[in-house]
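Structure first, then comments.
Naming convention: chains lettered A, B, ... in sequence-line order (proteins, then strands); numbering from 1 in each chain.
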Amino acid sequence: MSSVAGRAIAIVSFAELPPAERDTTREEAELVQPVVAEALARAGLDRKDVGFVCSGSCDYLIGRPFSFVAALDGVAPWPPIRESHVEMDGAWALYEAWVRLRCGDIDTAVVYAYGKSSLGDLPRVLAQQLDPYYLAPLGVDADALAGLQARALVDAGRAGERELASVREGRRISDGAAAIVLAVGDVARRLAKRPAWIRGIDHRIETHQLGARDLTRSSSTRLAAEHAGAFGRNPDVALLHAAFAHEEIILKDALGLDAATTEIPPPRADPMIVAGLTRLGRAASRILDGTAGRALAHATSGPCMQQNLVCVLDGAPEVAP
Amino acid sequence: MNRCAIVGIGQTHHKAKRQDVSIAGLVHEAAARALADAEMTWKDIDAVVIGKAPDMFEGVMMPELYLADALGAVGKPILRVHTAGSVGGSTAIVAAQTVIAGVHKRVLTVAFEKQSESDAMWALSPKIPFQPQLTAGAGGYFAPLVRAYIRRSKAPDDVGVAVAVKDRVHAMRNPYAHLRIQGIDAKMVRDSPMLWDPIRYLETCPSSDGACAMVLTDDDGAKRSPRPPAWVHGLATRSEPVVFAGRDQVNPRAGRDCARDVFD
Amino acid sequence: MQHDGFEAPYRLEYTYRRSTGPVIGRFLGALRDRRLEGVKTSAGRVLSPPGEYDPETGEDVGAPIDVGPGGVVTTWTWIAEPKPLHPVARPFAWALVRLDGADTAMLHAVDVGGDSGNIRTGLRVSPRWRAVRTGSIRDLECFVPEDLSARTEVRTLATESSGPVAMMPSSVQLDYTITAGRHLSTYLRALATKRIVGGRCPSCTKVYLPPRGACPTCGVPADAETEVADRGTVTTFCIIRIPFDAAPFPPPYASVAVLLDGADMPIFHLVRGVEPEEVRMGMRVRAVWVPDAELGPTLASIRWFEPSGEPDASYESIEGHL
């Protein structure tokens with residue numbers, strides 16, 4: 001879905017904490033405060049002028065309910081602010097902020113996400129997402145499910161030992177936070193020399209019944225990419241949210257990416273719940289710094305990438321109809 | 001900006017225990033009723049916005065993943081909003097905004113809790129190291145604020161009782177309500193056990209299993225609505241820090257600003 | 001960054017009481033009877049295990065039908081080091097198994113004798129049932145290679161019909177290592193020495209307990225260490241009369257918000273040494289610390305507060321903190 005006339009929306013800045021395998025010095029608000037402050041500073045925006053704040057986080061990662069309420073102190077919400085939260089990767093918080101900006105009454109938004117996967121056993125925590133009747137009682141964890149998908153890809157002749165080894169290594173754990181500033185039209189042009197315009201953003205989900213899915217393809221990524229207008233012009237760079245090597249293969253296929261024409265940096269082990277937002281931010285950074293004209297960013301959630309988000313960013317806003 | 005209309009609503013019966021359904025069954029029931037009310041089908045819906053407070057109540061993390069099938073959301077966008085106690089409201093707001101923004105035309109929005117699967121006081125008061133403990137669930141947290149409100153406003157002692165009676169009398173008009181107490185009156189409320197002084201049993205909300213759903217559409221959908229649609233005229237949210245020096249907890253500025261904004 | 005903050009283990013555990021609904025309840029009842037079932041969608045697709053709703057349409061699924069007992073492995077992954085909560089104690093494979101007659105596959109364990117060379121996509125398998133069954137996906141202990149089971153297990157005709165399983169317990173146990181950030185650790189460390197240390201924000205000058213890396217109104221660290229008194233004023237309170245598991249004492253007891261002298265926000269604690277009905281806003285209290293041997297980096301180093309005997313503070317002095 002592209003922006004409506006006059007309401008071209010762009011990412012104008014991005015900040016992330018340096019990666020840490022384990023952060024033992026900071027509470028939630030202290031993870032959030034520096035990244036939000038930096039993202040605002042880079043955009044030259046005062047926090048009091050922000051129209052809307054939206055965050056992504058997950059209580060189960062941190063081990064306590066309402067953790068996001070404590071984290072909100074990191075944006076110093078005083079005087080009171082328009083604010084919302086999704087219990088999802090920050091990429092979906094950005095989607096909500098994009099929707100909010102399209103309502104037309106505000107011009108800027110801040111999106112942030114934070115996570116401390118090191119506090120718990122991440123593959124087991126992720127297993128709490130699973131069907132409570134058929135899957136949870138078995139004790140299968142998220143890394144094992146990834147193994148099933150990797151094997152399916154091997155059986156289909158599209159992966160090999162390298163991909164299986166990637167699953168055996170397990171996903172890497174890290175703690176951190178990231179923040180993005182969004183702005184509309186002329187405000188975006190004032191805050192960034194080369195705003196990263198959101199030309200399209202969409203997300204789709206597949207059935208939760210694993211045995212009813214084709215695990216060798218990502219139909220929801222393809223569908224989201226179609227709706228986001230990702231096909232038709234190759235991006236200069238694509239940032240994919242993949243924890244394992246086989247996931248990267250599946251995503252490249254779903255997105256129709258050709259490594260010969262699109263730079264696809266290897267996925268990094270970014271913190272759970274932040275990683276998708278980080279892909280959006282890094283993709284935007286390539287446009288903000290002028291090293292790319294079009295960028296694609298992807299985020300995923302759920303067992304074997306059940307749900308996917310695709311965002312197309314461009315150095316030029318869409319021509320208003 | 002587009003207009004947003006509510007063209008269908010649905011609720012489950014709210015009970016202490018809905019042991020006749022799974023979690024999916026509970027949300028599907030409300031959603032199906034909302035669709036039936038709107039005379040629409042699952043395939044008419046473009047997107048789903050689901051809201052729920054802490055996952056620990058049911059022990060299913062990020063339940064939009066498990067519930068996608070039950071909400072006809074496969075192949076569609078689904079968002080899960082979580083703003084703690086206000087989540088029912090914010091979920092509807094986010095859903096409405098997707099229509100107002102012109103992103104979707106027909107949106108299903110649902111919120112639910114199946115509290116019988118656990119114990120709300122346990123879920124709200126976990127003993128986490130280094131964190132200050134809520135002394136006794138939500139009631140223990142709000143009761144001191146209620147006391148402060150009474151002191152500041154000089155509200156008579158039976159004001160809370162009068163509100164409880166009003167709400168329970170209104171509930172008699174809703175066949176789906178959890179508490180439908182025939183003959184409820186002030187004496188019945190005053191005579192009920194005191195839980196967290198000054199809050200009495202019949203002044204508190206019960207722990208319920210239930211779900212509520214709405215179908216929201218744009219103008220095109222509103223024209224097809226079988227009954228006069230309810231138009232959304234204003235939406236607002238405001239947040240402030242939960243704890244800060246000098247915070248007015250009895251009449252938070254966020255509440256006042258939000259109320260003013262929704263009418264402006 | 002050098003840090004000697006505190007860490008403590010935390011186990012989040014609970015046994016949920018789940019109701020299953022008619023579709024899942026029926027399937028689990030069939031498992032208890034050593035039968036495998038699927039459901040048919042309106043398009044004629046057979047889902048096993050039975051989803052409650054057709055993923056293609058969102059509609060209710062149709063009638064149950066028997067599937068299996070044999071099936072085929074459609075993908076798998078090897079578990080070289082099984083965990084106690086896994087269904088098989090020796091190395092095994094998780095697999096998607098498409099039962100005969102079904103169009104979708106079920107996730108379960110496959111026991112191939114502990115040798116990863118024995119598992120492959122396309123392997124035909126059949127169920128091994130637990131001797132004692134309760135109406136759970138685990139009544140099916142695992143799958144085993146079909147030719148093996150034909151030789152070693154007498155296939156009983158399914159004659160029992162114990163009915164649907166309406167309720168299912170569901171245990172969750174997650175272990176965390178909770179860390180106290182550096183500011184919180186400063187506060188906790190001080191409590192172990194009978195001191196209460198807050199942090200002052202350089203911008204609004206308010207003193208927060210504990211110190212914070214982000215002042216909630218100013219957006220800068222409120223961490224200039226500032227000691228506050230261990231006595232103060234009750235701003236508000238409630239009397240808890242409802243018994244509950246984690247109650248510190250048998251009710252009734254009073255839980256209070258105390259504005260310590262020198263601090264700009266109250267802390268929540270308990271008050272003893274006074275009848276709950278006597279507790280009042282403005283009452284002056286002082287901390288009762290635990291014996292020295294029990295002091296530790298926790299707010300529980302303060303056992304509770306008790307009246308200090310000073311005259312009550314005025315309402316005006318506390319009304320800004322309500």
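- Taken from CZ in A:Arg100 to CD1 in B:Ile93, the straight-line distance is 9.0 Å, to the nearest 0.5 Å.
- Using a 4.5 Å heavy-atom cutoff, the side chains of A:Asp105 and B:Met1 are in contact.
- Taken to the nearest 0.5 Å, the CG atom of B:Asp261 stands 5.5 Å off from the CZ atom of A:Arg82.
- With a 4.5 Å cut-off on non-hydrogen atoms, A:Tyr60 touches chain B through its backbone and its side chain both.
- Neither the backbone nor the side chain of B:Ser86 comes within less than 4.5 Å of any heavy atom in chain A.
- Going from atom CE of A:Met88 over to atom CZ of B:Arg80 covers 9.0 Å, rounded to the nearest 0.5 Å.
- For A:Leu223, the part lying near chain B is the side chain, with the backbone staying farther off; criterion is any non-hydrogen pair under 4.5 Å.
- Inter-residue side-chain proximity for B:Met61 and A:Leu126 is flagged as met; some heavy-atom pair is nearer than 4.5 Å.
- No other option in A:Ala224, A:Ala212, A:Pro80, A:Ser84 has as many heavy-atom pairs under 4.5 Å with chain B as A:Pro80.
- Closest approach of A:Gly302 to B:Leu65, counting heavy atoms only: CA-CD1, 3.7 Å.
- In this structure, B:Arg247 forms no cation-pi arrangement with A:Trp78, as its terminal cationic atom is not both closer than 6.0 Å to the ring centre and no more than 45° off the ring axis.
- B:Tyr66 and A:His208 have perpendicular rings, their planes meeting at more than 60° on a 0 to 90° scale where under 30° would count as parallel.
- Within the 4.5 angstrom heavy-atom criterion, atoms from both the backbone and the side chain of B:Ile23 approach chain A.
- One distance of note links OG of B:Ser90 with NE2 of A:His85; it measures 11.0 Å at 0.5 Å rounding.
- Interface remark: A:Thr207 contributes backbone and side-chain atoms alike to the contact with chain B (heavy atom separation under 4.5 Å).
- At a 4.5 Å heavy-atom cutoff, the contact between A:Val125 and chain B is made by backbone and side-chain atoms alike.
- One distance of note links CE of B:Met62 with CD of A:Glu87; it measures 7.5 Å at 0.5 Å rounding.
- Side chains of B:Glu240 and A:Leu72 form no contact here, defined as non-hydrogen atoms less than 4.5 Å apart.
- B:His82 and A:Phe66 have tilted rings, their planes meeting at an angle from 30° to 60° on a 0 to 90° scale.
- In this structure, the side chains of A:Asp73 and B:Phe244 stay at 4.5 Å or more apart for every pair of heavy atoms.
- You'll find the side chain of B:Met56 reaches within 4.5 Å of the side chain of A:Asp59, heavy atoms only.
- Proximity to chain A (any heavy atom under 4.5 Å) is shown, for B:Glu64, by both the backbone and the side chain.
- Between B:Asp55 and A:Gln128 the shortest side-chain heavy-atom distance does not fall below 4.5 Å.
- With a 4.5 Å cut-off on side-chain heavy atoms, B:Val60 and A:Gln129 do not count as touching.
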